[in-house]
Amino acid sequence: MFSACPPPIMSTWVPTAYRTHTLGEIQNIGADLIGQEVTVSGFMEANRGKGAICFVDLRDGTGITQIFLKGDNVGDEALDMVQRMTRESTLQFTGTVSEKRPPKAKEGEPVPPPAYEVIATSVNLIARAVAPLPLGVTDTVHVALDTRLDNRFLDLRRSHVNAMFHLRGKILQYGREALIKEGFFETHTPKIVATATEGGTDLFPMMYFDTPAFLNQSPQLYKQLCMSGGLERVFEIGPAFRAEKHDTYRHLNEFISFDIECSWANDEDVMGVLERMIHHMWKSVAEDSESQKHISTINAFRATQDEEAIEVIVPELPFPRLSYCDAIATIQRKGGTIEWGADIDAENSDLLAEDLPQFYFLPRWPMELKPFYIHHVEGEDGSTGRQLSRGFDLNFGRDELTSGGQREHRIDVLIENLKAMALDPEEFEFYVAGFRHGVPPHAGWGLGVERILMKLTGSKNVRETVLFPRDRRRVSP
RNA sequence: GCCCGCUUGGUGUAGAGGUUAUCAUGCAGGAUUGUCAUUCCUGCGACCCGAGUUCAAUUCUCGGAGUGGGCGCCA
């Protein structure tokens with residue numbers, strides 16, 4: 001059986017109708033609770049003992065505590081009920097906190113730190129779990145991702161999965177902290193829209209009353225209108241929808257996009273915002289004891305699967321920058337096949353990742369590979385005479401995490417760009433209108449939350465980092 | 001959209017044209033135990049669906065469904 005304790009509790013848990021203390025508290029401050037009556041609730045991870053006594057490993061969101069039951073204390077009927085109870089059943093116990101008897105120490109082995117248990121005086125069955133479980137919460141046998149996602153509610157009870165989602169919350173928290181500190185504030189743009197963001201066909205159509213509409217693929221155009229509105233520094237963490245029929249470890253049809261838009265700034269300015277934010281995320285995970293405990297929990301599980309431990313390497317600032325032109329030259333030098341003007345495919349990304357296994361920027365893409373709203377690089381047309389842009393990507397090894405850039409704020413150039421990319425400015429009137437009265441020069445980016453989390457937690461598939469992923473085949477649960 | 005794989009107890013797997021279908025985990029019962037990765041004993045539980053080839057198909061062929069991976073595209 002595999003089990004790992006949740007991290008130490010830093011926050012204050014107020015007693016509720018169903019418990020006076022959390023199980024984490026009993027482990028953390030057990031010495032102060034000895035002799036005190038407590039009521040605790042949780043899932044029964046395991047029970048031992050078929051005779052006159054019984055031990056229950058009870059788990060809640062904060063920790064695991066052993067409950068000790070004796071027929072003399074709880075009555076034979078209750079003892080029998082607990083002994084016959086199925087794994088993962090929901091139970092409530094009232095009893096007295098006591099120091100656990102230490103395990104028989106083997107010769108030469110260090111004595112473990114004191115631990116605490118609850119000597120039960122009464123038991124309340126809240127829900128019996130149906131057996132067998134569709135997947136074992138504490139089993140070390142491998143479980144296929146599809147089985148896990150079909151039974152996600154149980155999969156989430158597994159300690160390393162639980163830890164992953166806590167880290168997801170932490171990463172978003174650290175991201176918000178970093179941006180707020182730099183004067184950004186959180187906002188929201190509509191997810192139901194009338195026009196394609198970038199003119200593509202990869203949108204989910206829907207009916208908005210009697211009008212055809214779409215689920216938005218990106219907050220891009222709306223966050224730019226925020227700049228026109230003088231909001232200057234905004235960020236948004238929200239869903240984006242793409243109807244592309246891809247089926248890879250790094251794509252979802254609904255994902256969370258972490259976006260910023262910043263006025264009076266160019267591409268290099270917002271690359272700075274991005275690398276400082278990521279640095280803060282990684283540094284915080286490395287320094288926060290709760291986050292570290294989550295990483296340890298994940299690593300403890302990985303050890304049972306013969307997988308290498310994940311390590312949070314705080315990246316140095318500034319991140320490496322490899323311009324598009326230099327990237328092409330590097331790929332060609334390494335024997336890859338690519339022409340200037342082509343997108344960098346997965347195989348060629350692997351070549352770049354040989355030297356840049358962690359975070360690195362890829363700035364200055366050819367204009368023709370970037371969307372209409374990206375700004376040209378003035379007076380610079382690249383080594384081949386073709387127009388460079390102020391668009392950039394942020395990669396982690398082979399994978400793209402972010403794309404961003406300085407935006408085109410001049411309405412005449414914007415309209416030219418739309419036409420050059422075979423888009424009708426009329427259809428983008430709601431957007432173009434925002435430029436008629438002047439827009440500050442501005443820049444921004446969009447970061448894939450699932451992708452960065454995949455890199456932090458060593459997940460092999462973005463689906464692992466989403467509670468209920470939406471992919472080509474899965475729309476339920 | 002293209003290419004390649006896979007489908008065996010609840011879960012994860014091994015395997016072969018005729019086997020008592022392997023192992024782990026789990027589940028049930030029992031013995032022991034203030035246990036703590038308990039240990040020991042006994043038992044339970046499976047070949048995706050359809051058609052074909054064959055004396056015989058879970059195994060081979062075809063089709064379907066489901067699923068995993070790679071690519072394109074992207075975050």
Side-chain angles (χ1 to χ4, degrees), chain A residues 1-4 45-57 64-70 83-84 86-88 98-105 112 115 117 119 130-151 154-155 158 197-198 200-202 217-220 239-259 300 304-305 342-350 369-371 393-396 399-404 445-455 460-463 471-474:
Chain A
M1 191 178 87
F2 170 75
S3 185
E45 194 163 288
N47 61 354
R48 294 177 291 278
K50 303 283 186 186
I53 56 165
C54 173
F55 306 94
V56 168
D57 288 337
I64 296 171
T65 289
Q66 175 170 283
I67 313 294
F68 177 61
L69 293 98
K70 240 195 308 199
Q83 284 172 332
R84 291 175 183 285
T86 50
R87 295 197 299 171
E88 295 302 315
S98 161
E99 188 168 337
K100 265 173 91 172
R101 296 193 190 178
K104 292 164 198 155
E117 66 179 6
I119 298 174
V130 171
L133 299 169
L135 59 87
V137 170
T138 57
D139 298 356
T140 55
V141 290
H142 181 258
V143 186
L145 185 57
D146 200 49
T147 305
R148 293 175 52 194
L149 295 178
D150 281 342
N151 302 281
L154 264 189
D155 185 48
R158 305 206 294 166
T197 301
E198 296 171 24
T201 54
D202 47 359
Q217 67 166 165
S218 159
Q220 182 60 38
F241 305 91
R242 305 211 175 155
E244 293 152 6
K245 290 185 177 174
H246 37 44
D247 196 3
T248 80
Y249 68 91
R250 60 191 183 279
H251 287 94
L252 294 163
N253 294 297
E254 176 182 353
F255 66 95
I256 301 298
S257 185
F258 195 142
D259 276 82
T304 70
Q305 306 296 301
D343 205 350
I344 300 174
D345 63 19
E347 199 178 325
N348 286 328
S349 293
D350 283 333
L369 290 179
K370 287 290 164 187
D393 284 355
L394 176 76
N395 277 28
F396 186 104
D399 291 313
E400 182 182 336
L401 304 185
T402 304
S403 76
W445 42 254
L447 168 70
V449 168
E450 289 79 15
R451 287 193 180 176
I452 194 165
L453 210 65
M454 185 166 69
K455 295 304 170 190
K460 293 195 190 83
N461 194 310
V462 276
R463 284 161 238 219
D471 62 35
R472 190 170 176 176
R473 295 191 179 91
R474 184 177 291 279

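The sequence lines fix the lettering, A, B, ..., with proteins before strands; numbering per chain opens at 1.
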Separation of atom CZ in A:R472 from atom P in B:U67, rounded to whole Å: 11 Å
B:A37 P sits how many Å from A:Q66 CD, rounded? 11 Å
Check every strand shown and say whether A:E254 touches a base, only sugar-phosphate, or nothing at a heavy-atom separation below 4.0 Å. nothing
Touch class at under 4.0 angstrom, heavy-atom based, for A:Y249 against every strand present: sugar-phosphate
Hey, are A:D150 and A:R463 close enough for a salt bridge, meaning a charged N less than 4.0 Å from a carboxylate O? no
With a cut-off of less than 4.0 Å, is there a side-chain N or O of [X] near OP1 or OP2 of [N]?
X	N	result
A:R250	B:C71	yes
A:R474	B:U67	no
A:R87	B:C27	yes
A:T140	B:A24	no
A:S403	B:A75	yes
A:N461	B:G69	yes

Sequence-distant partners of A:F55, ring-ring contact (aromatic ring centres under 6.0 Å, His included), two or more places apart: A:F68
Dot-bracket, RNA chain B: Watson-Crick or G-U, under 3.5 angstrom, [ ] crossing, | other strand? (((((((..(((.....[....)))((((((.......))))))...(((((..]....))))))))))))....
